[in-house]
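Hydrogens, waters and symmetry mates are skipped; everything else that's a heavy atom, side chains included, is used.
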Amino acid sequence: WKGFVSLWISDVEQNHPEIAYENAINGMVSKYSKLKSATAAIIRRRDEIQGRFNTQQRDLQRIQSDLQTAVDTNQDDLSIVLIEKKNALEVSVTELAQELSQAKGDADDAKSSLVSIKSEVEKLKAEKDRMLAKVRSANARIKIQDQLEGLSVDADVQALENVRENIKNTISEANLGKELKDSDLDTRLASLRKQTGASSARAELDALKAARSKKSATKQM
């Protein structure tokens, strides 16, 4: 189910890039919020160590001053106690200094990570606005192209081609009527009679010419 949901979300994000950007931004904002809380705890620990370090360093300075006074006044028993306290404080201050250095490093790293994540969130927001503007522009171009294709001359030419075909069919139909008329029996008979009449006239003309020639030949004899 997780895989199915993941694929479904992926498909939705591909079709709706604004959702993908929002999910990415929200995810980073959530991480930023968690890291911010962790960073606050790290800084609080650093400040606590800093406070303890400052307090023990002041105590060490005071004990060192007291020890000097005890030595100057020959109070050996007090001097021994103060030396023991001084030595213990020196060890504690040294350890706190190391711990404070580590705490400061952790705090700096955490703050650097916060700044980095915040910068990435701002970059993602800017990228989202830029890329969504490009998507809107591309969709507008596709829509215009579709409209231009719908307004192309192909449809007009196709309509004209239909008219041309209709004209050709009409002419063919007219020619067909003439062909049918020419093939009609009455039409063929009338044509035959015309041909017969022409043949008779030609025969009569030939006979007249032959008679004239014969008459002329008789006179010459």
Side-chain angles (χ1 to χ4, degrees), residues 1-140:
W1 278 108
K2 288 182 179 179
F4 174 78
V5 171
S6 177
L7 290 174
W8 178 75
I9 291 175
S10 178
D11 289 339
V12 171
E13 290 179 343
Q14 287 180 1
N15 296 326
H16 301 278
E18 68 277 6
I19 295 178
Y21 276 103
E22 282 298 326
N23 289 340
I25 291 171
N26 291 337
M28 295 192 72
V29 168
S30 177
K31 290 180 180 179
Y32 178 84
S33 178
K34 293 177 181 179
L35 181 58
K36 189 175 182 181
S37 298
T39 301
I42 292 173
I43 291 176
R44 184 174 64 252
R45 177 175 176 274
R46 179 204 63 188
D47 293 342
E48 290 174 352
I49 295 173
Q50 181 72 62
R52 287 162 54 199
F53 174 80
N54 293 339
T55 298
Q56 292 194 15
Q57 198 170 39
R58 288 194 299 270
D59 291 343
L60 178 60
Q61 291 174 353
R62 186 171 60 253
I63 287 178
Q64 286 174 336
S65 178
D66 292 340
L67 175 60
Q68 187 62 46
T69 301
V71 171
D72 291 341
T73 57
N74 295 320
Q75 299 182 54
D76 294 343
D77 55 342
L78 183 58
S79 296
I80 291 173
V81 173
L82 291 172
I83 288 173
E84 290 176 349
K85 287 186 177 182
K86 177 184 73 67
N87 291 340
L89 277 174
E90 285 177 344
V91 171
S92 180
V93 167
T94 299
E95 291 176 350
L96 282 175
Q98 294 175 349
E99 191 174 353
L100 179 60
S101 177
Q102 182 63 50
K104 287 181 177 180
D106 292 342
D108 291 341
D109 290 342
K111 288 189 294 183
S112 178
S113 296
L114 276 177
V115 172
S116 178
I117 292 179
K118 186 176 181 180
S119 176
E120 288 299 321
V121 170
E122 296 302 322
K123 287 181 181 178
L124 271 181
K125 289 180 178 179
E127 180 183 339
K128 171 194 170 186
D129 294 339
R130 186 173 64 254
M131 296 303 290
L132 291 183
K134 288 183 178 181
V135 168
R136 286 192 294 269
S137 177
N139 287 334

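Between E90 and K86 there is a salt bridge, with a side-chain nitrogen of the basic residue lying less than 4.0 Å from a carboxylate oxygen of the acidic one.
Counting only distance, with no hydrogens or angles, the side chain of S92 and the backbone of A88 share no donor-acceptor pair below 3.5 Å. Between the side chain of T39 and the backbone N or O of L35, at least one donor-acceptor pair lies under 3.5 Å. Checking side-chain atoms of S101 against main-chain N and O of A97 turns up no donor-acceptor pair under 3.5 Å.
Inter-residue side-chain proximity for D66 and R62 is flagged as met; some heavy-atom pair is nearer than 4.5 Å. The shortest distance between side-chain heavy atoms of E84 and N87 does not fall below 4.5 Å. Contact of the Q56 side chain with the L60 side chain is not registered, since no non-hydrogen atoms from C-beta on lie closer than 4.5 Å.
Taking every heavy atom of both residues into account, I63 and K85 meet most closely at CD1-CB, 3.7 Å. Nearest heavy atoms, S79 versus L67: O-CD1, 3.3 Å.
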**Study point:** Stepwise side chain to side chain contact (heavy atoms under 4.5 Å, CB included) check, D47 with R44
**Key:** CA-CA 5 Å; D47 293 342; R44 184 174 64 252; 5.7 Å; no
Donor-acceptor contacts, no H, no angles, side chain residues 105-123, under 3.5 Å, sequence neighbours left out:
residue	atom	partner	partner atom	Å
D106	OD1	Q102	NE2	3.0
S113	OG	D109	O	3.0

Could you list the donor-acceptor pairs under 3.5 angstrom formed between side-chain atoms of residues 126-138 and any protein atom two or more places apart in sequence or on another chain?
residue	atom	partner	partner atom	Å
E127	OE2	Y21	OH	2.9
K128	NZ	E22	OE2	2.2

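How far OG of S65 is from CD of Q68: 8.0 Å, rounded to the nearest 0.5 Å. In this structure, E95 CD and F53 CZ are separated by 12.5 Å, a value rounded to the nearest 0.5 Å. The distance from the CD atom of E18 to the CD1 atom of I25 is 11.5 Å, given to the nearest 0.5 Å.
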